[in-house]
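Shown next, in structure tokens, is the structure this report addresses.
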Amino acid sequence: MKFLLTLFTASTLLCGPVQATFYHLTDKWVGQDFLDAFAWENITDPTRGRVNYITQADSLAMNLTYAHGDRFIIRPDSVSVLDPNGPGRASNRIISKKTFGHNTVIIADVRHMPQGCGTWPALWSTDVPWPDKGEIDIVEGVNDLGPNQITLHTTANCTMPEVRPQTGTPRFNDCYWEANNYAACGVKTNKPNSYGPDFNAAGGGWFAMERTPTYIRSWFWSRNDPTVPWEVKNPHSFFIGTPFWGLPVANFPNNSCDIASKFSPHHVIINLTFCGDWAGNDYGLSTCPGTCVDYVNNNPQAFVDAYWDIASIRMYGW
Ligand SMILES: *[C@@H]1O[C@H](CO)[C@@H](O)[C@H](O)[C@H]1NC(C)=O
Ligand SMILES: *[C@@H]1O[C@H](CO)[C@@H](O)[C@H](O)[C@H]1NC(C)=O
Ligand SMILES: *[C@@H]1O[C@H](CO)[C@@H](O)[C@H](O)[C@H]1NC(C)=O
Ligand SMILES: *[C@@H]1O[C@H](CO)[C@@H](O)[C@H](O)[C@H]1NC(C)=O
Ligand SMILES: *[C@@H]1O[C@H](CO)[C@@H](O)[C@H](O)[C@H]1NC(C)=O
């Protein structure tokens with residue numbers, strides 16, 4: 001602590017790139033904090049999912065949102081068989097009221113993430129108008145197929161070098177939102193336990209993302225990973241210093257992308273949809289049975305484990 005404090009103090013006196021790497025706590029959401037800090041978006045899923053994003057009041061009343069102590073749980077309806085002509089499966093899409101811009105870090109301590117055929121969970125950040133303000137997907141995947149993929153979506157003229165200092169594997173390098181059949185530029189994590197059933201079996205873990213005007217970086221540590229930095233693991237850390245975190249999983253530098261202008265201040269969003277543009281279109285690539293929409297309509301019990309259980313989200317800045 002003392003060591004870090006000294007460095008932090010020093011860094012605020014220095015100019016140049018070192019300054020961008022030390023941060024202090026600005027916001028911390030645990031349990032009931034999420035109910036005030038986030039809005040439940042009662043909207044039609046823009047990605048055409050088989051979902052019905054319900055209000056906070058209805059979600060609390062149905063116990064599809066549960067906030068108590070250090071547990072914040074959001075989950076879909078796992079009891080109703082759906083009318084094929086009616087609305088989709090009830091679920092939550094929550095958006096932070098505050099926005100976070102350059103020189104911020106998010107640390108999400110997640111115990112459990114949604115799993116199940118047809119699921120498409122995401123923890124990400126953006127703002128409107130999209131894609132002018134950019135999108136950063138911190139946790140995302142479909143149909144239980146890990147590992148986790150970190151993805152940027154931008155306007156034109158933002159590309160990434162194939163080789164860069166990161167532990168993950170690039171999956172496309174053009175971040176333009178229309179590129180690669182709308183997949184934009186992603187990086188796959190090199191650990192199977194970064195997503196879905198494997199992530200949950202390991203007891204979850206920590207996802208972190210750092211934004212500066214010159215780069216975006218993302219890290220992941222599984223629950224029992226001995227290399228998790230103490231300041232990430234400790235929910236009370238007031239200061240963090242990303243230079244101590246080792247190589248990121250995903251590193252998006254500014255070589256041929258003006259990160260500063262491609263990414264505006266963002267809201268944090270957590271959502272779970274079903275089928276739709278990604279989980280539906282790629283359903284056949286999984287070992288999931290039948291067709292996606294039929295499966296989601298007719299198998300409520302398959303979504304008992306499709307819940308987020310978040311221990312905390314901490315935001316750091318200057
Ligand atoms: C809003 O939520 C209610 C339930 O809380 C639901 O009946 C309605 O379909 C939702 N509207 C939209 C546009 O998703
Ligand atoms: C609501 O969900 C929580 C968490 O899963 C559970 O502990 C609690 O018993 C549920 N409450 C009711 C009334 O079902
Ligand atoms: C959540 O919504 C956003 C934007 O509409 C979309 O890009 C993202 O993929 C969605 N994911 C889920 C799980 O709904
Ligand atoms: C991308 O670059 C081209 C060529 O310099 C330019 O004409 C275009 O306006 C740029 N588009 C954006 C969205 O930056
Ligand atoms: C790219 O980032 C580096 C630091 O990471 C910075 O020194 C440089 O000025 C940036 N270049 C542009 C064009 O923003």
Side-chain angles (χ1 to χ4, degrees), residues 30-35 38-95 110-116 120 126-135 152-160 173-180 182 184-185 200 203-204 213 252 254-264 269-276 296-297 300-301 303-312:
V30 179
Q32 299 224 329
D33 298 340
F34 285 91
L35 302 182
F38 283 76
W40 269 241
E41 287 196 292
N42 188 216
I43 57 169
T44 303
D45 180 12
T47 55
R48 291 161 281 273
R50 185 71 185 125
V51 74
N52 181 21
Y53 285 130
I54 62 175
T55 62
Q56 186 192 69
D58 284 350
S59 192
L60 284 166
M62 294 166 75
N63 207 25
L64 300 184
T65 292
Y66 174 81
H68 189 79
D70 70 349
R71 300 198 97 81
F72 174 66
I73 293 176
I74 45 177
R75 61 182 148 216
D77 176 340
S78 59
V79 295
S80 309
V81 172
L82 305 182
D83 172 354
N85 301 313
R89 188 157 294 287
S91 182
N92 305 278
R93 175 181 163 119
I94 69 173
I95 182 166
V110 179
R111 293 193 189 92
H112 189 282
M113 68 181 294
Q115 66 176 73
W120 175 4
T126 193
D127 197 5
V128 289
W130 186 93
D132 309 52
K133 299 208 168 171
E135 170 179 337
L152 305 185
H153 301 257
T154 66
T155 54
N157 306 329
C158 173
T159 61
M160 293 296 142
N173 293 319
D174 187 346
C175 306
Y176 179 43
W177 68 280
E178 284 190 276
N180 313 308
Y182 308 102
C185 62
N200 295 331
F252 299 99
N254 65 350
N255 304 37
S256 49
C257 177
D258 183 15
I259 301 275
S261 69
K262 294 292 179 189
F263 295 88
S264 302
I269 305 181
I270 307 173
N271 52 358
L272 167 65
T273 191
F274 303 95
C275 309
V296 169
N297 286 348
Q301 72 289 346
F303 303 103
V304 167
D305 289 324
Y307 64 93
W308 290 99
D309 180 348
I310 298 174
S312 68

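Just so you know, residue 1 is the first one in the sequence shown, and it goes up from there. This one's a predicted model, so the numbers in the text were calculated from it and none came from an experiment. Order of listing sets the numbers, starting from 1, for every ligand and every atom in it.
- For the 3.5 Å distance criterion, the side chains of Thr55 and Asn42 fail to qualify, holding no donor opposite an acceptor.
- When every heavy atom of Asp58 is checked against every heavy atom of Ile54, the shortest pair comes out as C-CD1, 4.1 Å.
- Cysteines Cys185 and Cys175 are disulfide-linked, with SG atoms closer than 2.5 angstrom.
- Close N/O approach between Thr44 and ligand 1 is not found [any backbone or side-chain N/O within under 3.5 Å].
- Contact annotation for Met62 and ligand 2: no heavy atom of the residue comes within less than 4.0 Å of the ligand.
- There is no protein heavy atom closer than 4.0 angstrom to atom 9 (O) of ligand 2.
- Ligand 1 places these atoms under 4.0 Å from at least one heavy atom of Tyr53: 1 (C), 2 (O), 10 (C), 14 (O).
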side-chain hydrogen bond (donor to acceptor under 3.5 Å, both in side chains) evaluation trace for Thr47 with Trp120: CA-CA 10 Å; Thr47 55; Trp120 175 4; over 6 Å; no
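- Protein heavy atom at the shortest distance from atom 11 (N) of ligand 2 is Asn63 ND2, 2.8 Å.
- The backbone N or O of Ala67 sits less than 3.5 Å from a side-chain atom of Gln32, completing a donor-acceptor pair.
- Atom 5 (O) of ligand 4 has Asn157 ND2, 4.8 Å as its closest protein atom, hydrogens excluded (heavy atom only).
- Between Trp130 and His153, the ring planes are tilted. Angles from 30° to 60° get that label.
- Between Leu64, Ile54, Asn42, Thr55, it is Asn42 that holds the heavy atom closest to atom 12 (C) of ligand 1.
- When each of Leu272, Asn200, Ile310 is checked for a side chain to side chain contact (heavy atoms under 4.5 Å, CB included) with Met113, only Asn200 meets the rule.
- Looking at atom 4 (C) of ligand 1, its nearest protein heavy atom turns out to be Asp58 OD2, 3.0 Å.
- Below 4.0 Å from some heavy atom of Lys262 lie the following atoms of ligand 4, by number and element: 14 (O).
- Atom numbering of ligand 2 starts at 1 in the shown order; those under 4.0 Å from a heavy atom of Arg75 are 1 (C), 2 (O), 3 (C), 4 (C), 5 (O).
- Taking both residues in full, the closest heavy atoms of Pro76 and Leu64 are given as O-CD2, 3.6 Å, listed atom of the first, atom of the second, then distance.
- Close approach of ligand 2 to Tyr66 (heavy-atom distance below 4.0 Å) involves ligand atoms 1 (C), 2 (O), 3 (C), 4 (C).
- Ranking protein heavy atoms by distance to atom 7 (O) of ligand 1, first place goes to Asn52 ND2, 4.1 Å.
- At a 4.0 Å heavy-atom cut-off, ligand 1 touches Ile43 through the backbone alone.
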Audit row: Phe303, Phe274, ring pair (Phe, Tyr, Trp, His ring centres under 6.0 Å) steps and yes/no: CA-CA 10 Å; Phe303 303 103; Phe274 303 95; 5.1 Å; yes
